[in-house]
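Every heavy atom of this structure was used, including side-chain atoms; hydrogens, water molecules and symmetry mates were not. Counting starts at 1 for both ligands and their atoms, following the listed order.
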Amino acid sequence: MRVKCLIIGSGPAGYTAAIYASRANLSPVLIEGPQLGGQLTTTTEVENFPGYPDGVEPFTMMDDMRRQAERFGTQFVSGIVTKVDFSANPKKVIVEDEQEYEADAVIIATGASAKYLGIESERTYRGRGVSACATCDGFFYRKKTVAVVGGGDTACEEASYLAGLCEKVYMIVRKPFLRASEIMQQRVLNNPKIEVLFEHNTLQLTGEGKVQGADLIFRKGEPDEEIRHIDIDGFFLAIGHHPNTELFKDFLKRDAEGYIIVDGDSPRTNVPGVFAAGDCADPHYRQAIVAAGSGAKAAIEADKYIKTLS
Ligand code: NDP
């Protein structure tokens with residue numbers, strides 16, 4: 001299928017790009033990918049997106065964006081992009097190894113995915129007590145004890161959410177302070193169900209067939225270093241994300257962490273006609289509103305680029 005503008009990803013960046021591209025008469029096709037609505041749908045409530053003074057449920061917000069794009073003619077394709085070829089014009093994008101799209105302009109809005117610590121037992125217990133999404137899996141730990149790893153906004157948000165369901169929540173934080181915003185820190189520190197374990201790292205998870213505990217090291221390398229054990233039923237990772245950009249590595253310049261390198265504050269990549277928007281190209285801000293803004297920029301740039309072709 002031949003299209004003017006193809007968008008990969010269904011988070012705030014992808015949907016906003018679709019709204020702008022469809023209103024510019026580019027008749028975009030948007031490939032929705034493995035997680036409809038993007039990362040935002042793994043959080044509980046969005047309180048900081050302008051226009052929602054009482055907060056909004058993430059699925060509602062993403063569905064609103066999708067319907068807005070649909071209203072102006074965006075076509076949606078469910079599936080995962082398995083291959084791309086940006087070596088010539090038109091650019092080729094292959095979905096699920098079979099459906100081939102040819103596009104004048106491609107907007108990449110593939111977002112980022114949760115990071116894991118990289119310890120052996122994390123793999124052993126994945127799906128049996130280890131999770132990277134409290135909203136998805138928290139329900140299974142009602143009235144139980146869990147740990148959340150990380151000291152950023154995600155960790156605080158996950159810990160607060162889990163405290164609403166669980167008996168007790170530990171936060172395992174490697175530094176002597178939290179990195180999260182002040183308001184999120186206060187929510188955690190004032191919650192009697194949450195115990196923050198500062199200066200702790202996880203050595204391993206333990207348990208018979210499922211997570212039942214974790215061995216932690218307190219103040220590693222210091223004279224008062226100590227191994228401590230906590231009994232837990234669930235272990236939630238909230239230590240950041242890595243960008244979903246592997247697929248593009250043969251064509252696009254990326255930084256050491258895999259974020260797509262764009263030209264200054266524009267969404268232009270090193271390949272003319274290929275644009276990157278949202279968290280796949282943003283190691284700094286990683287906010288829905290910022291992603292949405294960059295999606296708008298990408299569609300405006302795609303429109304300009306397509307006009308140069310005729
Ligand atoms: P961050 O990068 O902000 O925080 C990651 C946390 O994980 C840090 O405390 C970091 O520790 C810790 N960490 C990283 N690697 C390890 C490791 N190997 N072992 C132990 N701990 C580790 O990621 P977030 O996902 O929390 O947030 C990303 C961005 O999204 C931020 O800009 C944040 O503000 C934003 N955000 C905003 C929300 C909101 O406003 N509602 C909600 C969620 C996210 P250290 O501090 O030592 O580096």
For ligand 1, note which part of [X] has a heavy atom under 4.0 Å away: side chain, backbone, both or neither.
X	answer
Asn48	side chain
Lys115	neither
Gln287	side chain
Thr202	neither

Which of the numbered atoms in ligand 1 are under 4.0 angstrom from any heavy atom belonging to [X]?
X	result
Lys175	45 (P), 46 (O), 47 (O), 48 (O)
Thr154	24 (P), 25 (O), 26 (O), 27 (O), 43 (C), 44 (C)
His241	25 (O)
Tyr285	32 (O)

With a 4.0 Å cut-off on heavy atoms, is Phe177 in contact with ligand 1? no
So, is Asn201 polar-close to ligand 1, with some N/O to N/O distance under 3.5 Å? no
Can you find an N/O atom of Gly151 closer than 3.5 Å to an N/O atom of ligand 1? yes
Starting from Phe139, walk the hydrophobic network (Ile, Leu, Val, Met, Phe, Trp, Tyr; side-chain heavy atoms closer than 4.5 Å) and list everyone else you reach, by chain and number. none
Per the side chain to side chain contact (heavy atoms under 4.5 Å, CB included) rule, which among Ile94, Val84, Val81, Val95 passes with Tyr101? Val95
Note: Ser10 and Gln35 closest approach over all heavy atoms is OG-O, 3.5 Å
Do NZ/NE/NH1/NH2 and the carboxylate oxygens of Asp153 and Arg179 come within less than 4.0 Å? no
Do the side chains of Glu301 and Lys304 get close enough for a salt bridge, i.e. N-O under 4.0 angstrom? yes
Arg268 and Asp263: salt bridge (charged side-chain N to carboxylate O under 4.0 Å, His left out), yes or no, with the steps? CA-CA 5 Å; Arg268 289 187 296 269; Asp263 180 11; 3.2 Å; yes
Go through it in stages, so that I can follow the logic: the residues are Lys83 and Glu100, the test is salt bridge (charged side-chain N to carboxylate O under 4.0 Å, His left out), and I'd like the CA-CA distance, side-chain angles, deciding distance and then a yes or no. CA-CA 9 Å; Lys83 197 169 179 240; Glu100 182 173 306; over 6 Å; no
My understanding is that we take every heavy atom of each candidate and find the minimum distance to atom 2 (O) of ligand 1. Doing that for Met184, His284, His200, Arg179, which one comes out nearest? Arg179
Do Ile107 and Cys5 have side-chain heavy atoms sitting under 4.5 Å apart? yes
